[in-house]
There are 2 protein chains.
Amino acid sequence: MDIADLATRILAGERRALARAITLVESGRDDHRAQAVELLDALATSNRQALRIGLSGTPGVGKSTFIESFGMMLTGQGLRVAVLAVDPSSARSGGSILGDKTRMDRLSRDPNAFIRPSPSQTALGGVARRTRDAVALCEAAGFDVVLIETVGVGQSETMVAEMADLFVLLLAPAGGDELQGVKRGIMEMADLILVNKADGDLKSAATRTCADYAGALRLLRRRPQDPDGFPKAMMVSALAEEGLQTAWAEMQTLTDWRRENGHFATRRADQARHWFEEEVRLGLLARLEKDPAMRSQMAELGNAVAHGQTSVSGAVLEMLRALS
Amino acid sequence: MDIADLATRILAGERRALARAITLVESGRDDHRAQAVELLDALATSNRQALRIGLSGTPGVGKSTFIESFGMMLTGQGLRVAVLAVDPSSARSGGSILGDKTRMDRLSRDPNAFIRPSPSQTALGGVARRTRDAVALCEAAGFDVVLIETVGVGQSETMVAEMADLFVLLLAPAGGDELQGVKRGIMEMADLILVNKADGDLKSAATRTCADYAGALRLLRRRPQDPDGFPKAMMVSALAEEGLQTAWAEMQTLTDWRRENGHFATRRADQARHWFEEEVRLGLLARLEKDPAMRSQMAELGNAVAHGQTSVSGAVLEMLRALS
């Protein structure tokens with residue numbers, strides 16, 4: 001593969017080159033990984049930045065419809081939009097996000113949009129690296145907005161929030177007046193809570209739900225990275241395409257404020273540093289699994305401690321010596 | 001320090017030697033660690049086993065009183081009892097467990113008992129290793145029962161359950177009929193739930209609480225390592241010294257059954273293997289912090305990615321190459 005040529009075509013915004021590059025960063029093969037790193041290094045100096053929006057919502061809140069309507073509104077303004085899906089459960093469920101792509105019918109045919117389904121990966125660590133690499137590729141390809149969507153499963157929301165500039169939580173109107181079991185930790189990550197389906201019969205339920213969340217958000221501690229009034233809860237209807245312009249305006253207001261106050265750049269720097277350190281740790285641990293000699297020594301010493309033939313601490317010391 | 005001599009004295013059951021050895025395994029110094037490993041290896045072949053009982057209970061349930069009464073009952077039967085405290089919060093709270101020791105007045109003066117307060121450590125990983133080493137030392141010193149107690153803070157219960165043969169949850173009678181916010185994960189780890197303070201005015205509340213938990217336990221999936229009727233909820237009064245013999249009889253019934261059915265040995269082997277693998281991983285990661293050259297290269301590359309001078313993936317690869 002000609003990496004320099006691939007880089008040039010990505011910088012020119014070619015969607016097929018981008019798709020191919022994402023496949024490359026998703027590969028688990030060592031030679032592919034080396035090429036991926038060469039490509040990412042070649043693109044690192046482009047210094048192109050998209051607005052990275054993390055979007056979380058459990059199945060049933062109308063996430064696909066929202067992404068389609070919101071994405072179409074953005075491309076209608078001349079912006080280029082990439083959608084990346086993070087779904088740690090997709091390996092099990094057989095790729096529900098792939099189904100989403102066919103449901104985002106208009107957006108997937110829009111020349112200014114790029115939709116990439118979630119890779120079928122089980123390990124969240126692997127999903128994180130591939131998604132962050134894919135975000136970097138989309139930025140190099142000149143996209144203005146990268147939507148990173150996730151279903152609310154396990155740690156995936158934290159992971160997405162850690163690679164996004166903004167974190168948006170999409171909710172459906174609740175039946176009663178109770179908050180929808182949204183964990184406090186997720187609330188604290190949200191910059192914007194959007195109560196979807198604020199249309200037809202659900203409008204009054206949406207109004208109540210939105211008020212409940214606005215109240216809950218007011219109880220949270222003020223974060224230094226927020227201007228007055230944020231985090232915020234508001235209503236949208238993805239189906240009726242209502243409230244989307246306002247939601248986008250709020251995202252821009254927040255982003256502009258953070259840029260002016262230095263929080264935007266600081267957050268990106270912290271995220272990059274954190275990502276680097278985490279990857280080094282994971283890479284170091286991966287060696288225990290990868291090297292056959294190490295793996296067999298681990299197994300051997302593991303059996304010895306299991307059978308009480310050696311102390312655990314002694315076996316640990318022996319293994320760490322072998323690893324140095 | 002003469003490690004061979006220390007080992008001999010521990011095997012002879014000398015409490016002062018045991019205390020000194022625990023101080024050694026708690027030390028963070030490299031030379032102490034090497035001596036600790038030498039000692040643990042020397043003792044590994046003794047093959048002495050205590051019954052390791054994990055005991056969890058939040059402040060206010062009467063844990064100190066229970067340990068004192070239960071411990072005195074055991075020593076009254078001629079058994080030797082060691083009590084180890086695991087309190088990840090003790091570094092902050094200034095060592096509340098040390099206060100417990102003075103409250104376990106009778107037990108701490110009993111020649112057949114040994115009480116060790118929690119080391120002032122912040123990292124749970126470090127607490128885990130030191131506690132497991134201390135358990136191994138107590139076993140070599142010939143104790144029959146090792147009580148590993150923890151307050152219900154964060155991950156400490158899981159950690160204690162992972163190093164114990166039995167996990168006992170101590171609770172106080174609840175005011176209403178609600179379960180006391182005990183997390184499902186903790187319930188699933190418990191082999192025995194003891195509702196304490198089943199005396200005086202609280203007796204009827206204790207009866208209700210015990211029935212509630214017995215009902216909740218019946219809803220859990222049957223575990224292969226349990227005979228009929230386990231996990232079990234029962235009432236005790238540590239203050240009136242009631243129900244303690246029965247609780248001990250239940251622990252023995254459960255242990256005997258597990259020994260006969262192979263679960264006891266399998267669990268110990270799995271725990272040792274898991275502990276070994278976890279320690280190797282932690283030791284490997286600790287190198288990133290310990291080696292000054294590595295630490296400065298990590299900081300340098302971290303700054304480079306934070307300032308966008310290099311791709312994260314490129315920096316990761318460079319760092320991993322330096323580490324190999």
Side-chain angles (χ1 to χ4, degrees), chain A residues 25 33-34 36-47 49 129 132-133 136 265-266 268-288 291 294 298-299 301-320 322-324, chain B residues 25 33-34 36-47 49 129 132-133 136 265-266 268-288 291 294 298-299 301-320 322-324:
Chain A
V25 299
R33 191 68 206 144
V37 170
E38 189 186 335
L39 177 65
L40 290 162
D41 270 339
L43 296 171
T45 46
S46 81
N47 283 326
Q49 278 192 351
R129 199 200 67 196
R132 284 180 287 213
D133 283 348
T266 306
R268 283 225 166 178
D270 289 346
Q271 285 177 339
R273 197 191 309 269
H274 173 77
W275 173 17
F276 160 70
E277 289 171 356
E278 189 65 18
E279 288 290 316
V280 170
R281 283 191 286 264
L282 288 174
L284 204 54
L285 294 180
R287 285 195 186 154
L288 288 177
D291 184 321
M294 291 303 155
M298 275 292 276
L301 284 167
N303 284 333
V305 296
H307 294 104
Q309 290 153 355
T310 175
S311 80
V312 171
S313 294
V316 170
L317 208 65
E318 189 176 334
M319 192 66 217
L320 288 175
L323 283 164
S324 68
Chain B
V25 300
R33 190 68 205 143
V37 170
E38 190 187 336
L39 177 65
L40 290 161
D41 270 339
L43 297 171
T45 46
S46 81
N47 283 324
Q49 279 191 350
R129 199 197 69 196
R132 283 181 289 213
D133 283 348
T266 306
R268 284 223 164 177
D270 290 346
Q271 285 176 338
R273 199 190 309 270
H274 173 78
W275 172 17
F276 161 69
E277 289 171 357
E278 189 65 19
E279 288 289 315
V280 170
R281 285 191 284 264
L282 289 173
L284 204 53
L285 295 180
R287 286 198 186 151
L288 289 176
D291 184 320
M294 291 302 154
M298 276 292 278
L301 285 167
N303 285 333
V305 297
H307 294 105
Q309 291 154 353
T310 174
S311 79
V312 171
S313 294
V316 170
L317 209 65
E318 189 176 334
M319 193 64 216
L320 287 175
L323 283 163
S324 67

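Proteins come first, then strands; the chains are lettered A, B, ... in the order of their sequence lines, and each starts at number 1.
- A:R268 does not touch chain B: none of its heavy atoms, backbone or side chain, sits under 4.5 Å away.
- In this structure, B:R287 contributes its side chain and A:L320 its backbone to a donor-acceptor pair below 3.5 Å.
- Of the two parts of B:L284, the backbone and the side chain both hold a non-hydrogen atom closer than 4.5 Å to a non-hydrogen atom of chain A.
- Both the backbone and the side chain of A:N303 come within less than 4.5 Å of a heavy atom of chain B.
- Looking only at atom types and distance, the side chain of A:S313 has no donor-acceptor partner in the side chain of B:R132 under 3.5 Å away.
- The nearest pair of heavy atoms linking B:F276 to A:M298 is CE2-O, 3.4 Å.
- The minimum heavy-atom distance between B:R273 and A:A306, with the atom names listed, is NH2-CB, 3.6 Å.
- Interface residue A:D133: only side-chain heavy atoms are found under 4.5 Å from chain B.
- Contact of A:L43 with chain B is not made at all, since no heavy-atom distance falls under 4.5 Å.
- Nearest heavy atom pair, residue A:N47 against residue B:G308, reads OD1-O, 4.4 Å.
- Across B:S311 and A:A44, no two heavy atoms sit closer than the pair N-CB, 3.8 Å.
- When B:L323, B:V312, B:L317 are compared by the number of non-hydrogen pairs under 4.5 Å with chain A, B:V312 comes out ahead.
- Looking at B:A315, the atoms closer than 4.5 Å to chain A (heavy atoms on both sides) sit in the backbone and in the side chain alike.
- For chain B, the nearby parts of A:T310 are the backbone and the side chain; heavy atoms of each come within less than 4.5 Å.
- The choice from A:L301, A:V280, A:L40, A:T266 that makes the most heavy-atom pairs within less than 4.5 Å of chain B is A:V280.
- The greatest number of non-hydrogen atom pairs below 4.5 Å with chain A, out of B:T45, B:L288, B:V25, B:L285, is found for B:L285.
- Put simply, of A:G302, A:A34, A:G283, the one with the most heavy-atom pairs under 4.5 Å next to chain B is A:G302.
- Separating the CG atom in B:D41 from the CD atom in A:E318 is a distance of 9.0 Å, to the nearest 0.5 Å.
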